[in-house]
Protein chains: 4
Amino acid sequence: MTESDSKNAILLMHCPDKKGIVAAVTEFLDKNNGNIVDLDEHVDHEEKVFFMRIEWELENFSIPRDKIGEYFNTLIADRYNMQWNLFFSDKLPRMAIFVSKMPHCLYDILARYTAGEWKVEIPLIISNHEELRPIAEQFDIPYHVFPIKKENKAEQEKLEIELLKKHQVDFIVLARYMQVLSSDFVKEFPNKVINIHHSFLPAFPGAKPYHSARERGVKIIGATSHYATSELDGGPIIEQDVTRIDHKDDVKILIRKGRDLEKIVLSRAVFLHLKRQLLVYKNKTIVFN
Amino acid sequence: MTESDSKNAILLMHCPDKKGIVAAVTEFLDKNNGNIVDLDEHVDHEEKVFFMRIEWELENFSIPRDKIGEYFNTLIADRYNMQWNLFFSDKLPRMAIFVSKMPHCLYDILARYTAGEWKVEIPLIISNHEELRPIAEQFDIPYHVFPIKKENKAEQEKLEIELLKKHQVDFIVLARYMQVLSSDFVKEFPNKVINIHHSFLPAFPGAKPYHSARERGVKIIGATSHYATSELDGGPIIEQDVTRIDHKDDVKILIRKGRDLEKIVLSRAVFLHLKRQLLVYKNKTIVFN
Amino acid sequence: MTESDSKNAILLMHCPDKKGIVAAVTEFLDKNNGNIVDLDEHVDHEEKVFFMRIEWELENFSIPRDKIGEYFNTLIADRYNMQWNLFFSDKLPRMAIFVSKMPHCLYDILARYTAGEWKVEIPLIISNHEELRPIAEQFDIPYHVFPIKKENKAEQEKLEIELLKKHQVDFIVLARYMQVLSSDFVKEFPNKVINIHHSFLPAFPGAKPYHSARERGVKIIGATSHYATSELDGGPIIEQDVTRIDHKDDVKILIRKGRDLEKIVLSRAVFLHLKRQLLVYKNKTIVFN
Amino acid sequence: MTESDSKNAILLMHCPDKKGIVAAVTEFLDKNNGNIVDLDEHVDHEEKVFFMRIEWELENFSIPRDKIGEYFNTLIADRYNMQWNLFFSDKLPRMAIFVSKMPHCLYDILARYTAGEWKVEIPLIISNHEELRPIAEQFDIPYHVFPIKKENKAEQEKLEIELLKKHQVDFIVLARYMQVLSSDFVKEFPNKVINIHHSFLPAFPGAKPYHSARERGVKIIGATSHYATSELDGGPIIEQDVTRIDHKDDVKILIRKGRDLEKIVLSRAVFLHLKRQLLVYKNKTIVFN
């Protein structure tokens, strides 16, 4: 994966596996003077599906930027029954952050954003609590509170969705947001809501995983970032990591050790999403590295 | 933890937490001229239980070896309502290995044994299949086959237990033994049957964990060594480790990558057991390092 | 290690190894009604040196807080020729941060501080550049710039030391401070300057370790936190960690991957220092966990 | 990477980077009815070099097996100024093992070989000592001893080379062989001698790395597998891994913990070599995964 600053186009695609796809796609780019800077393909031999991510420089590419999708569709995708997405590296995605009371993931994200580590825009932060407003102010990002109770959940989520759409938000990061999003909400943003769960899924889904880890006596704890789906903690896993613990570590210590895992794993997942290195297929992710 | 070759005594103990226990125990050893080479204690502040492992040199210790238990019990353990075990580093434990058809854990154990990495005796290998007999012969260890079907399981296990007792076996290592031991069997050897499960427990207990891991799309797989109890894959965890995988790794590759995890994690657990670094309390292990 | 909030005293000590030290120290505390919450000892059998960290609750301890040192010295330390340090968990250490132009470690530290993860005071940030002043202002911490050139280094360091002493700074964290401190400076703060070096020491000391790592073709990169001494990158190592890389990772990517390592490893080291879990002996650290 | 058992051809290639290479190679295979099962390419943008590994099924491929090299060279490689190697998955490489006195790596290799984990032939083991002959006999592999002293080194190495050639050995694994091979020897087998060094290179090259690690007080130790070159411990790194240690671990313990690292890292490197996943360029490896 390059870290270049040139203006690039990125295609993510998948289709039934057939001979000749790589040749067809690379030829299409070569003939139109597109300098390929990254190509990563994968064939799932069980599912017989072909996956590819290809990135090329827009400079000198002979097809105008706003026509690339159309040409690719007509000349290649239709032929191979392909599903595809086209992205441009100079178009910054717009990300909303959802938080509750814990600041560590939020700080980690905002620090990266402010330091210019990520190419992203953050038009707003949404929370169900007031607690983290000072951090939003510190980083000068609008902070909207939607208190959520059983009775008003549907209604509040509707308002959130409206606000997100008004701000043209492309995707959402749940930075230890301690509310389960409804199925209706999640369906508005398919594969566009990134969650961090504080366990090594599928171990310890749901509430209080550190307590469960302590109770079970595991020797390693983990964190899992995944796309939220309507099944709680059941969506496609993007990234996981773990750290060793021992019998001396009580729940308080697990929570402390877990914080570092959570923020790093979540930020890695967001970065992969921003770099268009993720493709979801049948509740699993293909991670192009 | 020392790796010394001197003749040492080791005490593992736990009791309700109270002031003065460390002082009492260390004073008992000091006064009788016992040179402490290792002391590791732990207080579980939630359970209010005190745990300790202490190891000292027998040379110059003024209490005769066969009286240590009695003296310790009278002078210390009774006073603190202690449960304890006494071991001597020069008394080699006798270990039985159970296998089925997969050789990797068996090879790893026998290689360590033959190379002198472990202070242990291996009087026999038990299997439900003939397949690995050649390895037993290669390493010159008696190999006993007990074919097990639903109908004969209780009866066969009885014969196994008899054989194990005849050989004065202290503990059992299930080196990818693909048969669930009955509760009756396990109860004969409490905290003395070490199993290796090929997943990161509590994720993917039971059969075919690599298939489940592939299906769920995890980014990390693991292996777990634990003491077998009557609850399948539910016993006290001794050691775990993990390795990264990605979307390209099909089940065959997971099995290959998992083999290395399994053998290393199992051997680490056996080593801890041999060194008397493990204490079980309420379905969890205290690992003294 | 407990995470309790009670007022505790902590003793770090080392002395020539002898029988009876643990008994003597624990008896001293027990007899004076000190409830031990943590005890970790280590004997270096090659050096024949005994090390211990012991933590107990001040509540009900019968020796007044300002007399503990004197009593311990007279009754125990003198007898065993001990070197020791006494700390109180409710006395917050005062930490200065040195930075240059890279913000990631600074952000990580200030986020933890603001979130209350650490019990510490941060009276000031010192830098040789203006760049990070906005972050200091964001977190409301005084920011002092001492531009350093060959000609003025000695003089500027003198001013820095004055300022640090005026602010009663207990220890210093070099959060990617890109200036080598002089021997004179370091000697003012023995084992009190924590540095983060962006390699797996002793591999790649000095400048541009990521370039060297790329050049050498290593498959893993690391970060090392250590106490600064007069030998560049040669001080006692506190904590290290690593991450896998591959041939696709150019220097830019190494720098990005390294940033996460650096900030986490540095923060772990600072945390150990704050919790008084570190003891330095002969250019190595004993880490009490 | 697939683990399939079909008969495949594998091409490893590199050349100056140019547009159209992927298209040209994949078209060449597609047109001749070669079903591509794996394609992994990499462009080094600094060196402007293109690397690729491509694997396809021989079944139905219209170019006869013994003509593939010639055709590929004429039609593709010449045009792009390519260096390439062609391998067939059904042709087992012949591997010699060099050992001294330590058995752990040897056991690990022979266990994998006997269990059928690796597709390889092992015609002989060479040693400078008698110690491990019983293991060779256990696994029924010829064992040749060449005692080496300063005076006879050149001469003995000549005899070894003769023997290796007589046995048509393709590559050599130094399984903790404690003799430095001469430059002359290494030059006979360029990128064909796989060594395991018991440290995290470039830290602690040369003799006694565990002693040096203990002395330096590192918190992590490692092992490194690399192709031997005339520069001691300076060849292209294939694989590395690490494990955490602490102040309690004396040299004996480091050696024990290191053994597991060494055998696993070496075996991973050998596996990559066997699967033709390694390409060496300017003293670095490209590892196709």
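Just so we're clear, the structure is a prediction, and the values are computed from it rather than from any experiment. Chain naming here is simple, since letters A, B, ... match the order of the sequence lines and numbering starts at 1 in each.
- Within a 6.0 Å radius of CD in C/E215, no more than 12 heavy atoms belonging to other residues, nucleotides or ligands are found.
- One distance of note links CD of B/E41 with CD1 of C/I36; it measures 7.5 Å at 0.5 Å rounding.
- For the side-chain hydrogen bond (donor to acceptor under 3.5 Å, both in side chains) with B/K19, the lone residue among C/T26, C/N35, C/N33 that qualifies is C/N33.
- Here the side chain of C/H45 pairs a donor or acceptor atom with the backbone of B/V37 at under 3.5 angstrom.
- More than 12 heavy atoms of other residues, nucleotides or ligands sit less than 6.0 Å from atom CZ of B/F88.
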Begin with the C-alpha distance, continue with both residues' side-chain angles, and end with the deciding distance and a verdict on side chain to side chain contact (heavy atoms under 4.5 Å, CB included) for B/V43 and C/L39. CA-CA 9 Å; B/V43 178; C/L39 177 159; over 6 Å; no
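- For C/E59, the CD atom counts as loosely surrounded, since its 6.0 Å shell holds 12 or fewer non-hydrogen atoms of other residues, nucleotides or ligands.
- Nearest heavy atoms, B/D30 versus C/A23: OD2-CB, 3.7 Å.
- Heavy-atom neighbours of B/E121 CD from other residues, nucleotides or ligands within 6.0 Å: above the threshold of 12.
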